[in-house]
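Input: a single structure, listed below in structure tokens.
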2 protein chains.
Amino acid sequence: MFHLTKKLEYSLLAFSYMAQLLPESRWVTAKEISDHYQIPYEVVARCLQHLARAGVLHSWIGAQGGYRLKAGWEKKSLLELYEILEGPMNLVRCLDHDGDCSHVARCTLPVLMRPLNQKLKKFFQDLVLRDVLNLKEVINESKVTTPS
Amino acid sequence: MFHLTKKLEYSLLAFSYMAQLLPESRWVTAKEISDHYQIPYEVVARCLQHLARAGVLHSWIGAQGGYRLKAGWEKKSLLELYEILEGPMNLVRCLDHDGDCSHVARCTLPVLMRPLNQKLKKFFQDLVLRDVLNLKEVINESKVTTPS
DNA sequence: AAAAATTCCGACAAATTTTGTCGGGATTTG
DNA sequence: CAAATCCCGACAAAATTTGTCGGAATTTTT
């Protein structure tokens, strides 16, 4: 129940990898990351795609293309990453459908869990990549948009 | 990844149920709880057994037996319940074996996750049943130890 | 213009974890 | 002694997560 999913693990590793190169900043391929950490290519690749679609990374298709951190990435919270990769964060399913438990009328879980869920989300909202990855400060992300 | 397990859900319902009866306090059977919430008997039953073994509930075997809240139950945290029911709370597996990832040397996850994990545990340690279940105060738990 | 490198996408297969079921034993009450 | 109950482990089923495959689209290189 409280294990990070591989999607999150791999995404964090990807961020970590890209952050390390930082003052440089270049296009990094999914393959490079998968090789470096020996994690399955297709899985990281999909994570990176989702993160790009969600606007946390730049992506560039084609030879010499890849991914690159997007300005402001270091302020993204674990909550945001979670919701990009896994959908809404809810302690109990019924909260997905706004407390419509439809299960037993007596089920008090949605009522009890709603405030708790808010707290949990707050907790992860306050954990931003900069802190999670232990970065002193993010030096500069060059505004390059084409590979070569 | 952040859905409560049924074990936890059912246990919370059980606590909720027993707390509602409170100034009374009597032996409540697993069957009674399973019937009330329409949840599978064997599963709640096992949760209650674990909670009893862990000292959060009293149990009494035999006809007219059952379970009963044990003094101090309302100060038990969700972390404690979690660890009773599910084992140690760790965001990543390698923390189970104290960061021995054995995976790739480069894997920075254990290092990054250890402090995060601490924070998460703290978070759940601070959530105690009294608050989670919204109890004003716990009136009294009679010290009865035998059913009749 | 063709080939190579890459992101993008969905369908599906495999592995793992969670959830539920069963059968039986032990203890207490009436 | 019978009934009610807790106790326990093994296993089956369901759900979820993880990984694989096949292919399409875009860009760069030759």
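Look at NE2 on A:His58: it is 15 Å from P on C:dT7, rounded to the nearest Å. Between B:Tyr82 atom OH and C:dT18 atom P there is a gap of 7 Å when expressed in whole angstrom units. A:Asp35 places its CG atom 14 Å from the C1' atom of C:dA5, with the value rounded to the nearest Å. Distance B:Tyr10 OH to C:dT18 P: 14 Å, rounded to the nearest Å. Atom CD1 in A:Ile61 sits roughly 5 Å away from atom C1' in C:dT7 (whole-Å rounding). Look at CG on A:Leu48: it is 9 Å from P on C:dC8, rounded to the nearest Å. As a whole-Å value, the separation of A:His50 NE2 from C:dC9 P is 9 Å. At whole-Å resolution of the value, NZ in B:Lys7 and P in C:dT17 are 13 Å apart.
Both A:Glu86 and B:Gln49 lie close to DNA chain D; mapped to their nearest nucleotides by heavy-atom distance, the more 5′-ward contact belongs to B:Gln49. Each of A:Arg53 and A:Gly62 was matched to the nucleotide of DNA chain C holding its nearest heavy atom; the match closer to the 5' end belongs to A:Gly62.
Here the closest non-hydrogen pair linking A:Leu48 and A:Ala14 is CD2-CB, 3.9 Å. The shortest non-hydrogen separation linking B:Glu9 to A:Val92 is OE2-CG1, 3.6 Å. In terms of heavy atoms, B:Arg93 sits closest to A:His3 at NH1-CE1, 2.7 Å.
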**OP:** Walk me through it: do A:Glu32 and A:Arg26 pass the test salt bridge (charged side-chain N to carboxylate O under 4.0 Å, His left out)?
**Re:** CA-CA 12 Å; A:Glu32 186 176 344; A:Arg26 56 182 176 76; 2.7 Å; yes
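Closest approach to the A:Thr5 side chain among D:dT20, D:dT18, D:dT5 is made by D:dT18 (side chain taken as heavy atoms from C-beta onward). The side chain of B:Pro40 lies closest to C:dG20, out of C:dT7, C:dG20, C:dA4. In the set C:dG20, D:dC7, C:dC22, the nucleotide with an atom closest to the side chain of B:Glu42 is C:dC22. For B:Ala52, the listed nucleotide lying nearest its side chain is D:dC7; candidates were D:dC7, D:dC6, C:dT7.
Ring planes of A:Phe15 and A:Trp73: parallel class, angle under 30° (limits at 30 and 60°). Using the six-membered ring where Trp is involved, A:Tyr37 and A:Tyr17 have ring planes that are perpendicular, over 60° apart on the 30 and 60° scheme.
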Using a cut-off of under 3.5 Å, enumerate the N/O to N/O pairs linking the protein to nucleotides 14-16 of chain D.
unit_1 : atom_1 : unit_2  : atom_2 : d
D:dT16 : OP1    : A:Arg93 : NH2    : 2.5

Hey, what are the protein-to-nucleotides 11-13 of chain C N/O distances that come in under 3.5 Å?
unit_1 : atom_1 : unit_2  : atom_2 : d
C:dA11 : N6     : A:Arg46 : NH1    : 3.1

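Aromatic rings of B:Phe2 and A:Phe2 (six-membered ring for Trp) have centroids within the 6.0 Å cut-off, being under it.
Panel note: side chain A:Lys7, backbone A:Leu85; a donor-acceptor pair is recorded below 3.5 Å. Without hydrogens or angle criteria, B:Ser34 side chain to B:Pro40 main chain gives no donor-acceptor distance under 3.5 Å.
Between B:Ser59 and the phosphate of D:dC7, there is a side-chain N or O to OP1/OP2 separation shorter than 4.0 Å. Contact annotation: B:Trp27 side-chain N/O to D:dC6 OP1/OP2 distance is not under 4.0 Å. Residue A:Tyr41 places none of its side-chain N or O atoms closer than 4.0 Å to OP1 or OP2 of C:dT6.
No engagement by A:Ala45 is indicated, since no non-hydrogen atom pair under 4.0 Å with the nucleic acid exists.
Judged as a side-chain contact (heavy atoms from CB on, under 4.5 Å), and not counting sequence neighbours, the contacts of A:Val128 are A:Ser77, A:Arg130, A:Asp131.
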